[in-house]
Amino acid sequence: MKYSAYVIVVLCTLSGLLRAEQTYTVKNERFESFNGMKETVFHMSELKLIGRQRLINGTVTFDDDMASDHYKAQIELFSSPQGDDQYKKLPMGVPRTPICEAMKDLYTKILQPSLIEGENTNFPFIPEEGLCPIPKGEYYIKNVELNIDSWPNQAPRGIIKAVLTLFKDEINVGGGTLYIRIEDRE
Ligand SMILES: *[C@@H]1O[C@H](CO)[C@@H](O)[C@H](O)[C@H]1NC(C)=O
């Protein structure tokens, strides 16, 4: 009896440590898509935040198979500590990176934990060794809440504006801007 109580305490402590809870919470505030400069290959205009929980829902479309010979992705991050329109660019973010490398190294860590193929999306699961090209198609994203377990331990509080842009031969071919509110975990 005494021994099993001890085991339970140890297991609870371990699982708490392993879960490594974030010091912050994230809430989707707003999403806007934008078109490319000359043409739009990456369409996010059918993506919306829905309901009180502002879950991400809708479809994204790639008009082309995207490989690193032509396509690059970039994420710029801006912070507004007061939640007003005063944004400062953050040094984090993803410089313009060939698409397949960006999907393999960044998508898998930052977004893939939120997306489960066959459950809340039909976007293919990207394995550790990567997936190239990223196949063209229309993909649904159904009521997705961001899973931030694998995100950095520290994040500036306030509003963060994340701008995802895809480039074809260095020309903007579409993307989207997500505003998220970062608050202290209670
Ligand atoms: C959620 O997205 C799907 C497309 O994947 C769409 O058919 C549906 O109407 C959307 N739901 C809401 C509430 O907008």
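Here the structure is a predicted model, which means the values were calculated and not measured. Just follow the structure's listing: the first ligand is 1, and inside any ligand the first atom is 1.
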Review point. With a 4.5 Å heavy-atom cut-off, do Phe34 and Phe42 have their side chains touching?
Key: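 No - every pair of side-chain heavy atoms lies 4.5 Å or more apart.
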
Review point. Against heavy atoms of Tyr140, which atoms of ligand 1 measure under 4.0 Å?
Key: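 Those atoms are 5 (O).
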
Review point. What atoms in ligand 1 come closer than 4.0 Å to a heavy atom of Asn57?
Key: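 Atoms satisfying the 4.0 Å criterion: 1 (C), 2 (O), 3 (C), 8 (C), 10 (C), 11 (N), 12 (C), 14 (O).
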
**Study point:** Cation-pi check, Lys161 onto Phe78 ring (under 6.0 Å, within 45° of axis)
**Key:**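 Cation-pi check for Lys161 and Phe78: passes.
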
Review point. Does Arg185 make a cation-pi contact with Tyr24, if we ask for NZ or CZ under 6.0 Å from the ring centre and within 45° of the axis?
Key: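 Arg185 over Tyr24 ring: no.
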
Practice item. Decide, yes or no, whether a salt bridge links Arg96 with Glu170 under the criterion of side-chain N to carboxylate O below 4.0 Å. Key: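 So Arg96 pairs with Glu170 through a salt bridge.
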
Exercise for review: Identify whether the distance between the nearest side-chain nitrogen and carboxylate oxygen of Glu183 and Arg157 falls below 4.0 Å.
Suggested key: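 No.
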
Review point. Among protein heavy atoms, which lies nearest atom 5 (O) of ligand 1, and at what distance?
Key: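 Of every protein heavy atom, Gly58 O, 3.3 Å lies nearest to atom 5 (O) of ligand 1.
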
Point to revise | Protein contact of atom 13 (C) of ligand 1 - nearest heavy atom, named by residue and atom, plus distance | key: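 Closest protein heavy atom to atom 13 (C) of ligand 1: Ile50 CD1, 3.7 Å.
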
Check your understanding: Within the structure, does at least one protein heavy atom fall under 4.0 Å of atom 11 (N) of ligand 1?
Key ->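 Given the 4.0 Å cut-off, atom 11 (N) of ligand 1 counts as touching protein heavy atoms.
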
